[in-house]
Amino acid sequence: MVKVALLGASGGIGQPLSLLLKLSPYVSKLALYDIVDPQGISVDLSHINTTAECTSYSKDDLVDALRGSRVVVIPAGVPRKPGMTRDDLFKINAGIMRNLCECIVKTCPNATVLIISNPVNSLVPVAIETFKKNGIDGSNRIMGITTLDLVRAETFLGDYMNNSRVTTVGSNQFDKRRMHKVISVIGGHSGHTIVPIMLLKPMVYMMKPGQYDSLINRIQFGGDEVVKAKQGKGSATYSMAYSGYKFIEYILKSIQRESLEGLGYIPAYINFTKLTNGNDLSKKLNSNELEYFSIPINLTNGRIESIDTTILDKISEKEKEMVGKAIPELITNAKKGQRFIRNEAKL
Ligand SMILES: NC(=O)c1ccc[n+]([C@@H]2O[C@H](COP(=O)([O-])OP(=O)(O)OC[C@H]3O[C@@H](n4cnc5c(N)ncnc54)[C@H](O)[C@@H]3O)[C@@H](O)[C@H]2O)c1
Ligand SMILES: O=C(O)C[C@H](O)C(=O)O
């Protein structure tokens, strides 16, 4: 069991995620930090009869919140309103990410850092560059959480299968939780950089013309659906808390040395260049410039042991086309984050 720090704990994602972490058998201490004091959340959660010991921290207490943390989860930052892109959040959230990471790298440099705040495609580079500026390579333990795209893919494909004649193949409804054997998602976390990969190719042939394209579109722009429905009151929070916890649980299980076998592909948005199989990924994606990509990872002790590029061996022409479209945008997004820290370092 380990200490987990949650930065941005008072927010729309932070609150339900705090609850899920309080229920986790893998967490011994849960440190809740936010500039809006999370004391009430912490006291409330502390009445739940699970093991995790909750404490709250605000403003200048960040060092205390982080001290001894093995895992740091970051949903701190502003969410989108209708009409905005995730990239529009960069101006505010990049500064928040840099300041938090400056403190993480000095207080718990070996912690695994899991980034939820948007734009993920640029903020993971901000975090990695901040570590680098402080002389530390964090690329095997700083990850962007892209699990919501995977959860959406499983849900929307499950809906399609249950609502179409595909259900007549078996007598029961398809279990959406088993969809990880049917679909995965790689690339990044915004629009066309989100690239769904059908693991069971015959599924595509079973779909009516147009259905596959509309499924892909819904997965890529699922975030917009929630932003629109919330009418200016933010973006996905409950589905993100669930997806975030799902990914955090992989990390915690791996720290606990539990087997992750049978859980399917576990993608995360990472800097793959120095990792085992990183060269292989560059070759398969046919790009020397791309450094960040969401790709299945193999974990040991909560860190990336290697990346698994086999998912790219089975992709269709249409999926190749989607990957090709994602790469230039991913390069631009990553450079934006890198420049933010590198230019500052020159001042
Ligand atoms: N990765 C994903 O799939 C995904 C999904 C949904 C949302 N998001 C992103 O997560 C972020 C948070 O979303 P939300 O709905 O929880 O927003 P929110 O506004 O409800 O909560 C954000 C919290 O961060 C806090 N905060 C701001 N600056 C801080 C700082 N310097 N230190 C600590 N806390 C700080 C705020 O006080 C607030 O409580 C957004 O950027 C959103 O776009 C990502
Ligand atoms: O859409 C957003 O801005 C939030 C999040 O990235 C999502 O995919 O729901």
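First listed ligand is number 1; within each ligand, the first listed atom is number 1.
Salt bridge status for E249 with K246: absent, with no side-chain N to carboxylate O gap under 4.0 Å. Using a cut-off of 4.0 Å between Lys/Arg side-chain N and Asp/Glu carboxylate O, K106 and E102 are scored as salt-bridged. Using a 4.0 Å cut-off between charged nitrogen and carboxylate oxygen, R67 and D64 count as a salt-bridge pair.
Within 4.0 Å of ligand 1, contacts by protein heavy atoms are made from G8, S10, G11, G12, I13, Y33, D34, I35, V36, P75, A76, G77, V78, P79, L89, N93, I96, L100, I116, S117, N118, V120, I145, L148, H189, S235, A236, T237, M240.
For Y26, the ring-ring contact (aromatic ring centres under 6.0 Å, His included) test picks out no residue, with sequence neighbours left out. Checked against ring-ring contact (aromatic ring centres under 6.0 Å, His included), Y238 has no partners two or more places apart in sequence or in another chain.
Formation of a donor-acceptor pair under 3.5 Å by the S214 side chain with backbone atoms of Q211 is found in this model. Side-chain atoms of K320 never come within 3.5 Å of backbone atoms of I315 as a donor-acceptor pair (strictly under, hydrogens ignored). Looking at S28, its side chain never comes within 3.5 Å of a backbone N or O of A52 through a donor-acceptor pair.
Proximity of D149 to ligand 2, defined as any heavy-atom pair under 4.0 Å, is not found for any part of the residue. Contact annotation: for L148 versus ligand 2, heavy atoms closer than 4.0 Å belong to the side chain alone. Only the side chain of R86 comes within 4.0 Å of ligand 2, counting heavy atoms alone; its backbone N, CA, C and O stay farther away. Within the 4.0 Å heavy-atom criterion, neither part of E225 lies near ligand 2.
Each of the atoms 1 (O), 7 (C), 8 (O), 9 (O) of ligand 2 lies under 4.0 Å from some heavy atom of G223. Per-residue contacts place R80 under 4.0 angstrom from the following atoms of ligand 2 (heavy atoms of the residue considered): 1 (O), 2 (C), 3 (O). Per-residue contacts place A236 under 4.0 angstrom from the following atoms of ligand 2 (heavy atoms of the residue considered): 9 (O). Within the listing of ligand 2, atoms 2 (C), 3 (O), 4 (C) sit less than 4.0 angstrom from a heavy atom of S235.
In this structure, the side chains of R141 and N110 come closer than 4.5 Å at one or more pairs of heavy atoms.
Among the atoms of H189, some N or O lies under 3.5 angstrom from an N or O of ligand 2.
Ligand 2 lies within reach of R152, whose nearest heavy atom is under 4.0 Å from it.
Note that K336 lies in the cation-pi zone of F90, set by a 6.0 Å cut-off to the ring centre and a 45° limit from the axis.
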Got a list of side-chain donor-acceptor pairs under 3.5 Å for residues 36-44, not counting sequence neighbours?
from	atom 1	to	atom 2	distance (Å)
D37	OD1	Q39	N	3.0

